[in-house]
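Take a look at the structure below.
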2 protein chains.
Amino acid sequence: MSRWEPDGRRRLQEAALELYAEQGFSRTTAAAVAERAGLTERTFFRYFADKKEVLFGNEERLQAVFVDAVSATPDTTPPRDAVAAGLEALAAELGPHRESVLRRTAVITSEADLRERELMKLASWSAALATVLRERGADAPDLVAEVAVAVFRVAFRRWVDGPADGDLAAHLRGALAELAVFDGT
Amino acid sequence: MSRWEPDGRRRLQEAALELYAEQGFSRTTAAAVAERAGLTERTFFRYFADKKEVLFGNEERLQAVFVDAVSATPDTTPPRDAVAAGLEALAAELGPHRESVLRRTAVITSEADLRERELMKLASWSAALATVLRERGADAPDLVAEVAVAVFRVAFRRWVDGPADGDLAAHLRGALAELAVFDGT
DNA sequence: ACGGAGATGTCAGTGGATGACATCGACGCT
DNA sequence: AGCGTCGATGTCATCCACTGACATCTCCGT
């Protein structure tokens, strides 16, 4: 037995999501979140760098899923297909949890500070992807990475705004296909 | 004669850029910026919503330049060319001021909070662009807008990191052309 | 039993941000 | 000239995000 209940970090994440959803992010104090989790404000800030970060505990893993799936693809895979593999992996990860994804997304989109932080996380995906693409000698790794994330962003938004039985993977394939509007001349 | 020196807003912007560059953003207090501008901290926050915003006073105008240039294009213009027009307009706006752009960019890239805010501004460009594209009945307006901004981001970064005589417009055209890596099956 | 290691608590302080109210000079009106 | 309003700024008080320094407690190995 520990001196404290276990899983402080998870309790803080759950408390934060609840409170932010109930009262809004800006009207919720870090102390209030900590209290609901049975902890102290000081401890909150030991687990999370700031009030926003508590909502982004899984982003690191998602980034790894995305980037690793691209990495797992043969070096000779055309960029489009490599990116598709990464996006499929994300769909497999997120698709089955639409409910909780929606709950979290609703909170995030409701406040500019949180949208900002989310953009930062996606920028981090892009940077990580560009790095692995560069290492495998792909063409225009930076551009490909940015576009890949742009595709994700668009498809994700459509999925979230769409019907409850929407298919994230299908949206991703659809958005990827729409890149064809830039084809030719 | 006014009771105070004129141009408080501009003085604050200049003071902020100087101090942020000299000492770093996080080690500069809002009060210090205000003081250098001959004003009060309270007044600082009347002009700018927060400490970061003072660095982004021109973003609104740039967004308008970008979006208006796309709007000015005939409704039947292929997406790629419409986007190109917007990007050319941005190049015309930014290209001649590489020095000051670099100074500002150096400050922004040096702190995560500021990079975050910049991502937010670009997201705003994308949203505005998507709106005008949607109004003119373009295909996949959201995707096109996101990709357009992705292209800008990449080209801008290459321009900033490149030689002093680099040509932003050329980088933009180059990045746009690289979208061809997504072509075909 | 002892002592270190980890996780948490306590306390004090800094600085970002905001609301309420006061002040001052410019300007127009009579 | 005298007056009143308006806009820009200053002053003051307050909240809260975040941080550093130090204390405390439990577990675990020796």
Side-chain angles (χ1 to χ4, degrees), chain A residues 1-57 107-108 110-118 120-121, chain B residues 1-57 107-108 110-118 120-121:
Chain A
M1 267 295 153
S2 226
R3 177 179 170 199
W4 305 273
E5 299 301 311
D7 252 344
R9 184 183 171 86
R10 190 174 316 273
R11 268 154 48 217
L12 285 167
Q13 289 173 318
E14 283 163 12
L17 186 57
E18 289 171 15
L19 287 174
Y20 294 175
E22 287 170 16
Q23 336 174 320
F25 170 77
S26 56
R27 269 161 317 202
T28 305
T29 69
V33 174
E35 189 186 3
R36 173 165 305 198
L39 291 169
T40 298
E41 184 184 9
R42 191 65 184 85
T43 300
F44 178 101
F45 286 109
R46 283 201 184 92
Y47 279 111
F48 304 102
D50 58 43
K51 236 181 95 182
K52 310 165 205 166
E53 201 64 20
V54 67
L55 287 178
F56 296 87
V107 172
I108 291 176
S110 73
E111 298 241 4
D113 283 352
L114 296 171
R115 290 196 301 271
E116 242 180 22
R117 178 57 50 84
E118 181 167 65
M120 197 69 162
K121 299 300 182 182
Chain B
M1 266 300 150
S2 227
R3 179 177 169 198
W4 302 273
E5 299 301 310
D7 252 343
R9 184 185 173 86
R10 189 174 319 272
R11 270 154 47 217
L12 284 167
Q13 289 173 318
E14 283 163 11
L17 186 56
E18 290 171 14
L19 287 175
Y20 294 175
E22 286 170 18
Q23 335 173 321
F25 170 77
S26 56
R27 269 161 313 186
T28 305
T29 70
V33 173
E35 188 186 5
R36 174 166 304 197
L39 291 168
T40 297
E41 184 184 9
R42 191 64 184 85
T43 299
F44 178 100
F45 286 109
R46 277 200 266 259
Y47 278 112
F48 304 101
D50 59 43
K51 236 181 97 182
K52 310 164 204 166
E53 202 63 21
V54 67
L55 288 177
F56 296 87
V107 172
I108 290 175
S110 73
E111 298 240 3
D113 283 353
L114 296 171
R115 290 197 301 271
E116 240 180 23
R117 179 57 50 86
E118 180 165 68
M120 196 67 162
K121 298 300 182 183

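Every chain is numbered from 1 and lettered A, B, ... according to where its sequence line falls, protein lines coming before strand lines.
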With sequence neighbours excluded, tell me which residues meet side-chain contact (heavy atoms from CB on, under 4.5 Å) with [X].
| X | answer |
| --- | --- |
| A/Arg36 | A/Ala15, A/Glu18, A/Leu19, A/Glu22 |
| B/Ala49 | none |
| B/Ser26 | B/Glu111 |
| B/Ala21 | B/Val107 |

Legend entry - DNA chain D-proximal residues of residues 25-34 of chain B, any heavy atom under 4.0 Å: none

Legend entry - Residues within residues 41-56 of chain B bordering DNA chain D, heavy-atom distance below 4.0 Å: B/Arg42, B/Thr43, B/Arg46, B/Tyr47

Legend entry - All ring-ring contact (aromatic ring centres under 6.0 Å, His included) counterparts of B/Phe25, not counting sequence neighbours: B/Tyr20

Legend entry - For B/Tyr47, all residues meeting ring-ring contact (aromatic ring centres under 6.0 Å, His included), sequence neighbours excluded: none

Inset, instruction - Examine distances only and state if a side-chain atom of B/Thr43 and a backbone atom of B/Leu39 form a donor-acceptor pair shorter than 3.5 Å. - result: no

Legend entry - By salt bridge (charged side-chain N to carboxylate O under 4.0 Å, His left out) - contacts of A/Asp113 (at least two apart): none

Legend entry - Whole-Å distance separating the CG atom of B/Leu114 from the C1' atom of C/dG16: 14 Å

Legend entry - Distance in angstrom units between A/Asp113 CG and D/dC16 P, rounded: 16 Å

